[in-house]
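Data first, discussion second: the structure below is written as C-alpha cells.
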Amino acid sequence: MRRGAPPIASLARDWFARDTTTVAQELIGCTLVVDSGTAQRVVARIVEAEAYLGTRDPASHAFRGPTPRAGIMFRAPGHLYVYLSYGMHHCANIVTEPDGVAGAVLLRAASVEHGLDVVRARRGATMAMDALLRGPGNLCRGLALSLLDNGLDLCAAESRVHVEPRAATPPLSVGPRVGITVGAGRRLRFAWRAHPAVSSPSPSR
DNA sequence: CCGCCGATCTTT
DNA sequence: AAGATCGGCGGG
C-alpha cells in the first residue's frame, strides 16, 4: 500500500454474504480501490454490475457445479473471481452468498476518481475518461486485474484490491444482462442511471 | 447508429 | 463448438 494513503474502510465479509441481486444493486456507487506495486493506486466508482445466481442460473459459470474454474463462486464471499473471456479479455467478479452457496457479481463499468494517469497509461493517453473502465474487459485492463488476482480476498487488510461502501444511494437503472444467450430475459443488470461511464446498450428502467 | 466479423484460448 | 468481449469496418 502507498505510504501516506488514507485508511481503507473495507466492506466486511458479511456484507457480501447476502442475496446476490441485492449485493449487485448495492455495489453501484461503491468504490473500488486497486493498488499496483510501485506506489500506484487507482480509485474508481462502480457504475454498472450484473448478478449471476449460481446453480439456479444457466448463464452462471457455477450452473454446472463447482468446476475448477468456477469453484471459487461456491466458497467464501468477498473474494475476487477473475476469468479469461474469449481467450483475450479478463472479467472480474465479486463472490457473494454464504460459504457453500454459489453467486457472484460481474463488475461491468466504473468511473475513475483517482489515478487517471495510471489508467490512461494502460488504456491509451487519448481515450475519453468515461470510456476508460467501460465494459468488463476494459475495466480489468484499466485496473490491471488479471488471472493473478483470481481468489484475492477483498476483506483482507493486505489485499491489493478493496471495496469501500458508498456514501449515498445513486439512482438505478435495470435491464437484461449483456452478452448472454441462455438465461437472458432476467433483469439482473444494474447501473447508475444515465451515468456516462455505463456501457451500451443502456439499461432501461 | 447499427450489424457483422475476427482475434484468441479455455471450457465443455 | 461456444463463449459473462472488444474494436474495426462497412452500410444506411
Side-chain angles (χ1 to χ4, degrees), chain A residues 16 19-25 27-28 32 44 46-75 77 79-97 101-112 119-152 154 161 173-192 194 196-204:
Chain A
F16 297 103
D19 170 72
T20 304
T21 304
T22 301
V23 174
Q25 295 177 71
L27 272 174
I28 306 301
L32 211 46
I46 299 170
V47 300
E48 181 185 351
E50 287 175 353
Y52 285 89
L53 308 184
T55 54
R56 60 203 179 90
D57 176 9
S60 172
H61 289 170
F63 185 61
R64 288 159 207 289
T67 60
R69 179 176 70 168
I72 186 168
M73 285 182 65
F74 290 80
R75 297 203 290 275
H79 287 247
L80 212 52
Y81 165 44
V82 183
Y83 71 92
L84 189 62
S85 178
Y86 289 91
M88 60 188 82
H89 306 290
H90 296 282
C91 290
N93 301 252
I94 298 177
V95 176
T96 56
E97 307 281 347
V101 181
V105 175
L106 171 68
L107 302 176
R108 281 199 59 89
S111 175
V112 180
V119 180
R120 278 206 208 279
R122 297 169 180 150
R123 292 276 296 137
T126 64
M127 178 164 293
M129 183 171 160
D130 287 325
L132 288 170
L133 305 179
R134 179 191 290 150
N138 293 334
L139 182 147
C140 282
R141 179 161 293 273
L143 296 178
L145 297 176
S146 74
L147 291 177
L148 296 174
D149 300 301
N150 189 36
L152 266 191
L154 306 183
V161 182
S173 59
V174 186
R177 292 174 293 182
V178 176
I180 57 172
T181 52
V182 295
R186 297 163 97 154
R187 297 164 66 82
L188 295 174
R189 179 187 182 210
F190 305 100
W192 189 312
V198 174
S199 73
S200 60
S202 185
S204 48

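Within 4.0 Å of A:R123, counting heavy atoms only, lie sugar-phosphate atoms of the nucleic acid but no base atom. Within 4.0 Å (heavy atoms only), A:R64 reaches no atom of the nucleic acid at all. Residue A:N138 is in sugar-phosphate contact alone, with no base atom involved, counting any heavy-atom pair closer than 4.0 Å across all strands shown. Using a 4.0 Å heavy-atom distance criterion, A:L106 is classed as a base contact. Using a 4.0 Å heavy-atom criterion, one finds that A:R69 contacts the sugar-phosphate atoms exclusively.
To the nearest 0.5 Å, the span separating CZ on A:R122 from CG on A:N138 amounts to 13.5 Å.
Looking only at atom types and distance, the side chain of A:D57 has no donor-acceptor partner in the side chain of A:S60 under 3.5 Å away.
The shortest side-chain heavy-atom distance between A:N93 and A:Y83 falls under the 4.5 Å cut-off. In this structure, the side chains of A:F16 and A:H79 stay at 4.5 Å or more apart for every pair of heavy atoms. Using a 4.5 Å cut-off on side-chain heavy atoms (C-beta onward), A:L106 and A:R177 make no contact.
Rounded to whole Å, atom P of B:dC4 lies 15 Å from atom OH of A:Y86. To the nearest angstrom, P of B:dT11 lies 12 Å from OH of A:Y83.
Residue whose closest nucleotide on DNA chain C sits further toward the 5' end, between A:M127 and A:Y52: A:Y52.
Side chain of A:N150 to main chain of A:V82: a donor-acceptor pair is present (N/O by atom type, distance under 3.5 Å, no hydrogens or angles).
With a cutoff of under 4.0 Å to any heavy atom of chain A, the contacted region of DNA chain C is bounded 5' to 3' by C:dG3 to C:dG7.
Pair check for C:dT5 finds B:dA7; Watson-Crick or G-U wobble, both atom distances under 3.5 Å.
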